[in-house]
2 protein chains.
Amino acid sequence: MLSTTKERILDTAERLFAERGYSATSLRAIIAAADVNLASIHYHFDSKEALLEAVFLRRALPANEERSRLLEACERAAGDGPPDLKKVIEAFVMPAFLQAKDPARGGPVFRRLVGRLYAEGDLMPRMISKHFIPLLLRFASALARALPDLPQDELYWRIHFAMGCVSQALRGTSGWEVFQGALQESRDTELMLSRLLNFLDAAFRAPVVHSQVSVAVGEDR
Amino acid sequence: MLSTTKERILDTAERLFAERGYSATSLRAIIAAADVNLASIHYHFDSKEALLEAVFLRRALPANEERSRLLEACERAAGDGPPDLKKVIEAFVMPAFLQAKDPARGGPVFRRLVGRLYAEGDLMPRMISKHFIPLLLRFASALARALPDLPQDELYWRIHFAMGCVSQALRGTSGWEVFQGALQESRDTELMLSRLLNFLDAAFRAPVVHSQVSVAVGEDR
DNA sequence: GTCTATAACTTGATAGAC
DNA sequence: GTCTATCAAGTTATAGAC
């Protein structure tokens, strides 16, 4: 056994949290899968919630540093002009997918965890507000410069929608077997990323026209 | 007390599942908030999971019927030609938001529940495959006709991404207080819907160009 | 239909020996 | 650092009186 107890706990917790969610994963399920003692979890990480935070930060902090570096490169390349929209989006999205291709950084497991945490409890928002929001604001600012004609509230809504796309892309295609072989996430990470960037680039550039919503679905039901 | 026990259980479970998630919500939390007896849950709904299904189907079935009707109206209006893309998207998205504005149909609560269930466990996928997939395939077919030049696998990926947007929009903006007042979901449901439709319309129409992903982030780390 | 009582089990956490 | 043993509380579910 090459890995330490602490690492085995982190790896196993990451996997199970990603597969089943935080609440649905008991510490006992983790110790069974990791083949460690129950008390060792409380020794290395005080509580279940602290374990989740450790699991999360282990991957998220390096990824955010990478995002930060890529964003700086975008801005340097643009000089005084507005940065390139697609490059900015890419700087945000890429690290998660690069990570997903690298077994040493959790492979596709962590990616799914993030997608899941997004919708579960308020755990994610709390961690986000500590480690994620400053970076997000920097990206928002870069996007605003890349799209100088877009009103601010419209931009913020689009960022909100876009985060949903990214989260969905991260979560993966499990449960979408409807579309048979068409969605193959195992191979072709680059192609998927390229599709996502196209999709978001066009979406952010959408004209701002607020026609009346047209439906007359009427009545009640 | 105007509502029946059964209805009170459904309403309360809907709210708590939406707020805390399925796993994190105990039956005892529900009975306490609904002021009913624990056994009554098992009398009216056999199990916790069956309760979730009842909560879900109560709103989802009518919404899906509405989607179906709206889609038919799109197709009738188009005659033999391709249906209007934005109208098709609207037919899919609208019912959830109309529902969210109508207290009698759960108001914004159910909307949030759907957004959340998406990422939690495999509960949603299982229910989807029973009640949602046939409808989804009909929409996919309508989208394919609205975008005749789009390759099928590209279309499926875009649907996948778009579901993420919709899910995020449904989930609401809680946790996004970063953007201060700019995202106000309480009022202006129509405006938000209009923004979402613009966003998705442009995204679905994005040109299909698969440039090499440009980054050279290199090395390892 | 609604209640009490309780069975049968799982949960996160801790004390204390080694 | 790692273990066993155990606590106190919480969990879903059910039996049976009314």
Side-chain angles (χ1 to χ4, degrees), chain A residues 1-58 113 116-117 119-127, chain B residues 1-58 113 116-117 119-127:
Chain A
M1 207 69 80
L2 289 173
S3 49
T4 69
T5 296
K6 197 170 177 179
E7 280 167 344
R8 272 217 309 294
I9 294 173
L10 282 172
D11 290 343
T12 310
E14 180 177 54
R15 201 186 83 237
L16 293 184
F17 286 156
E19 282 171 10
R20 314 176 186 179
Y22 173 76
S23 296
T25 303
S26 67
L27 293 181
R28 307 179 119 90
I30 296 173
I31 61 141
D35 195 30
V36 299
N37 189 276
L38 174 58
S40 65
I41 288 193
H42 289 101
Y43 175 79
H44 288 288
F45 317 88
D46 289 337
S47 65
K48 189 187 178 187
E49 193 167 341
L51 171 61
L52 174 64
E53 186 161 0
V55 164
F56 181 75
L57 292 181
R58 175 171 67 145
L113 175 63
R116 181 184 282 276
L117 283 182
E120 191 181 356
D122 294 327
L123 298 160
M124 190 75 169
R126 243 185 292 158
M127 280 193 272
Chain B
M1 207 68 82
L2 288 173
S3 50
T4 68
T5 297
K6 196 169 177 178
E7 279 166 345
R8 272 217 308 294
I9 294 173
L10 282 172
D11 290 343
T12 310
E14 181 177 53
R15 199 185 84 237
L16 294 183
F17 285 157
E19 281 170 11
R20 316 177 186 178
Y22 172 77
S23 296
T25 303
S26 67
L27 294 181
R28 310 181 108 91
I30 296 172
I31 61 144
D35 194 30
V36 299
N37 189 277
L38 174 58
S40 64
I41 289 193
H42 289 100
Y43 175 78
H44 288 288
F45 317 88
D46 289 337
S47 66
K48 188 186 179 186
E49 192 168 340
L51 171 61
L52 174 65
E53 186 161 1
V55 163
F56 181 76
L57 293 182
R58 175 172 68 145
L113 174 62
R116 182 185 282 277
L117 282 182
E120 191 180 355
D122 294 325
L123 298 161
M124 190 74 169
R126 246 185 289 158
M127 281 193 272

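Chain letters run A, B, ... following the sequence lines, proteins first and then strands; every chain starts at 1. The structure presented is a predicted model; accordingly, all values stated were derived computationally and were not measured.
Annotation: proximity of residues 13-28 of chain A to DNA chain C (heavy atom, distance under 4.0 Å) is found for A:T25, A:S26, A:L27, A:R28, numbered in ascending order. The stretch residues 37-45 of chain B touches DNA chain C through B:N37, B:A39, B:Y43, B:H44, each having a heavy atom within less than 4.0 Å of the strand.
Side-chain contact between B:I30 and B:F17 is present, with heavy atoms from C-beta onward closer than 4.5 Å. In this structure, A:H44 and A:L10 have side chains that are not in contact, with every pair of non-hydrogen atoms separated by 4.5 Å or more.
Summarising the geometry of A:I31 relative to A:L38, their closest heavy-atom pair is CG2-CA, 3.6 Å, with the distance given to 0.1 Å. Taking both residues in full, the closest heavy atoms of B:N37 and B:A39 are given as OD1-N, 2.8 Å, listed atom of the first, atom of the second, then distance.
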side-chain contact (heavy atoms from CB on, under 4.5 Å) evaluation trace for A:R8 with A:D11
CA-CA 5 Å; A:R8 272 217 309 294; A:D11 290 343; 5.7 Å; no
Let me see the working for B:T12 and B:V36 under side-chain contact (heavy atoms from CB on, under 4.5 Å), right down to the final yes or no.
CA-CA 10 Å; B:T12 310; B:V36 299; over 6 Å; no
Could you walk me through whether A:F45 and A:E53 pass side-chain contact (heavy atoms from CB on, under 4.5 Å), step by step?
CA-CA 10 Å; A:F45 317 88; A:E53 186 161 0; over 6 Å; no
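The 5' end of DNA chain C is approached more closely, in terms of each residue's nearest nucleotide, by B:T5 than by the other of B:T5 and A:S47.
First and last contacting nucleotides of DNA chain C toward chain A (any atom under 4.0 angstrom from a heavy atom, 5' to 3' order): C:dT11 to C:dT14.
The closest donor-acceptor contact from the side chain of B:R116 to the backbone of B:E19 lies under 3.5 Å. Between the side chain of B:E120 and the main chain of B:S23, a donor-acceptor pair closer than 3.5 Å is present.
The cationic atom of B:K48 (NZ for Lys, CZ for Arg) lies less than 6.0 Å from the six-membered ring centre of B:Y22 and within 45° of the ring axis.
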